[in-house]
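Have a look at the structure below, then the notes.
Just so we're on the same page: letters track the sequence lines, and every chain starts at 1.
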Amino acid sequence: MTAAPHSPRPASPDPHPTAAHPAHLHRAVAEWYAAHARDLPWRAADATGWSVLVSEVMLQQTPVARVEPVWRAWLAAWPTPADLAAAPVADVLRAWGRLGYPRRALRLRDAAAAIVAAHDGEVPLDLDTLRALPGIGEYTAAAVAAFAYGRRAVVLDTNVRRVLTRVLDGEALPAPSLTSAERTRAAAVLPRDPAAAARWSVGIMELGALVCTARAPSCTACPVAGACAWRAAGYPPDPHAHRRRVQAWHGTDRQARGRLLGAVREAGGVVPDAVLGLAWPEAEQRERALATLVADGLLVSRDDGYALP
DNA sequence: AACCCGGGGGC
DNA sequence: GCCCCAGGGTT
C-alpha cells in the first residue's frame with residue numbers, strides 16, 4: 001500500500017483545469033527535466049551506444065547510486081564491446097561486484113561478443129537487432145535506441161509505468177505485470193518527433209525516480225500535478241495491492257547463491273569445499289546452489305572446490 | 001502467466 | 001522488517 005503524499009488536495013474545482021493533453025505534459029516534463037535532471041555520466045555528451053548499453057543493463061533492478069561507480073570502472077576497463085568480449089569471465093564477474101543478478105554480467109559479455117561477431121563491433125541502432133542481443137529485452141532495446149541514438153522508441157520502465165498510471169489512470173501503482181494496453185497507451189502519448197520522444201522518455205523516467213516515487217511522491221514539486229488524475233481523485237490506494245507478492249529472501253536459494261558466489265568472487269583461485277561449507281552450512285541447499293551456479297556459467301567445479309570461470 | 005534471479009538502502 | 005529498484009529469461 002502506497003502512502004498518500006503529505007497534504008493531499010483532493011479535487012477542488014479548478015477554474016483553469018489543466019487537461020492531461022500530451023502536448024502540455026511534454027512541455028511541462030521537458031522544462032522540469034532541464035532544471036532538475038541528475039548529472040549522470042551515461043547522459044554526458046560523449047556517451048556512446050556502448051556506454052549507454054552498459055548503463056542500462058546495470059540499471060536493471062539496481063539503483064543508480066550503486067551503478068555509477070561500477071559503470072565508471074567498467075567503461076575504463078572495457079571501453080568498447082571488443083574489449084569486454086575478450087575479457088576473462090572471472091575479471092568480468094569481479095568487476096560486476098555486488099550489483100546483483102550476476103548473470104547480467106555474463107549476458108553483457110555475450111552481447112559484446114555478438115556485437116563484435118555480427119555487427120562489426122558497433123552497438124546496433126535498430127530496435128529488433130538490439131532486442132536480439134543476450135540480456136536485452138524490450139525496455140533496454142528501447143532505452144539504447146532512444147537515449148544513445150535519438151531514435152523514436154517506447155521506453156517503458158517501472159518509473160514511466162508509475163507516472164503514466166498515476167497521471168492518466170488515476171491509480172496509485174501500475175498492475176504487477178506490464179499489459180499490452182499500457183504499451184499501446186505509452187506509444188500514443190509519445191511525441192512524434194524522435195528527439196522530442198527521447199527527451200520525453202528520459203524526462204518522465206527521471207520524474208518517476210525523483211518526484212513521483214513509489215513510496216512517498218513529492219507532488220508539490222511535480223510539474224504535472226495539476227494534470228494528475230491520481231491527485232485529482234484524492235490519492236486512492238493501490239487497487240492491485242492484494243495481488244503483489246514479495247519475493248522471499250532469507251534462507252532462499254537466491255541468498256545461498258549470492259553468498260556462495262560472493263565467497264568465491266572475493267577470494268582468489270579455488271575456494272575449498274570446506275570454506276564454502278562455512279559460507280552456507282546447510283548442505284543440501286548449498287550443493288543445489290553450487291550446481292545451479294555452475295549451470296549458469298558463474299562458477300566452475302574443481303577437484304575439491306570451486307572457482308570463477 | 002508464473003517463477004526465478006542479488007543486494008543494498010530508505011523508511 | 002518491509003519495500004523498492006532504468007528487467008530479462010525460462011517454462
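- At the heavy-atom level, A:R43 lies under 4.0 Å from base atoms of the strands shown.
- In this structure, A:L210 places its CG atom 15 Å from C1' of B:dG10, rounding to the nearest Å.
- The distance between atom CG of A:L106 and atom C1' of C:dG9, rounded to the nearest whole Å, is 13 Å.
- If you take CH2 of A:W96 and C1' of B:dG6, they are 11 Å apart, rounded to a whole angstrom.
- For the residue pair A:R161 and A:P176, the shortest heavy atom distance occurs at NH1-O, 4.1 Å.
- Counting any heavy atom pair closer than 4.0 Å across all strands shown, A:E138 reaches sugar-phosphate atoms only and no base atom.
- Looking at heavy-atom distances under 4.0 Å, A:R257 makes contact with sugar-phosphate atoms alone, never a base.
- Within 4.0 Å (heavy atoms only), A:R162 reaches sugar-phosphate atoms of the nucleic acid but no base atom.
- Here the P atom of nucleotide C:dG8 and the CG atom of A:L156 are 11 Å apart, to the nearest Å.
- We find the CZ-NE2 distance between A:R244 and A:H242 to be 10.0 Å, quoted to the nearest 0.5 Å.
- Within 4.0 Å of A:R254, counting heavy atoms only, lies at least one base atom of the nucleic acid.
- Taking atom P in both C:dG8 and B:dG9, the straight-line distance is 24 Å, to the nearest Å.
- The A:T62 side chain lies nearest to B:dG6 when the options are B:dC5, C:dG7, B:dG6.
- Hydrophobic cluster membership is shared by A:L156 and A:Y139, with clusters built from Ile, Leu, Val, Met, Phe, Trp and Tyr side chains linked at under 4.5 angstrom.
- Counting heavy atoms of neighbouring residues, nucleotides and ligands inside a 6.0 Å radius, atom CD of A:E282 exceeds 12 of them.
- Stem analysis of DNA chain B (Watson-Crick or G-U pairs, both distances under 3.5 Å, runs of at least three) returns B:1-5 with C:7-11, B:7-11 with C:1-5.
- Between A:T140 and A:V57, the closest heavy-atom pair is CG2-CG2, 4.4 Å.
- Heavy atoms only, all atoms of each residue included: A:I136 and A:A141 are closest at CG2-N, 3.5 Å.
- The C1' atoms of B:dC5 and C:dC5 are separated by 14 Å, rounded to the nearest whole Å.
- A single hydrophobic cluster is seen to contain both A:V202 and A:Y149, as judged by linkage of ILVMFWY side chains at heavy-atom distances under 4.5 Å, directly or through other members.
- Between A:V246 and A:S55, the one whose closest nucleotide on DNA chain C sits nearer the 5' end is A:V246.
- Distances from the side chain of A:T158 to the nucleotides C:dC5, B:dC5, C:dG8 place C:dC5 closest.
- Along DNA chain C, the nucleotide closest to A:R107 and the one closest to A:L59 are compared, and the more 5′ of them pairs with A:L59.
- Separating the CG atom in A:L53 from the CE atom in A:M58 is a distance of 10.0 Å, to the nearest 0.5 Å.
- At most 12 non-hydrogen atoms from other residues, nucleotides or ligands lie less than 6.0 angstrom from CZ of A:R243.
- For A:Q61, a side-chain nitrogen or oxygen approaches OP1 or OP2 of C:dG7 to under 4.0 Å.
- In this structure, CZ of A:F147 is placed 8 Å from C1' of C:dA6, rounded to the nearest angstrom.
- With hydrogens and angles ignored, a donor-acceptor pair closer than 3.5 Å exists between the side chain of A:R215 and the base of C:dC3.
- Between the CG atom of A:L108 and the P atom of B:dG6 there is a distance of 16 Å, given to the nearest Å.
- Within 4.0 Å (heavy atoms only), A:G137 reaches sugar-phosphate atoms of the nucleic acid but no base atom.
- The distance between atom CG of A:L293 and atom P of B:dG6, rounded to the nearest whole Å, is 7 Å.
- Comparing C:dC4, C:dG8, B:dG6 by their closest approach to the side chain of A:Q60 singles out C:dG8.
- Residues from residues 182-205 of chain A placing a heavy atom under 4.0 Å of any atom in DNA chain C, listed by number, are A:M205.
- Checked for salt-bridge contact, A:E68 and A:R72 meet the test: a charged N lies under 4.0 Å from a carboxylate O.
- Rounded to whole Å, the separation between the P atoms of C:dT11 and B:dG6 comes to 16 Å.
- Nucleic acid contact class of A:T140 (heavy atoms, under 4.0 Å, all strands): sugar-phosphate only.
- For B:dG8, the base has no donor-acceptor partner in the side chain of A:R66 [N/O atoms by modelled type, under 3.5 angstrom].
- Within the 4.0 angstrom heavy-atom criterion, no nucleotide atom of any strand lies near A:L261.
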For A:R231 and A:Y235, run side chain to side chain donor-acceptor pair (under 3.5 Å): C-alpha distance rounded to whole Å, both residues' side-chain angles, the deciding distance at 0.1 Å, then the answer.
-> CA-CA 5 Å; A:R231 179 174 174 82; A:Y235 303 112; 2.5 Å; yes
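- The distance between atom CZ of A:R131 and atom C1' of C:dG8, rounded to the nearest whole Å, is 8 Å.
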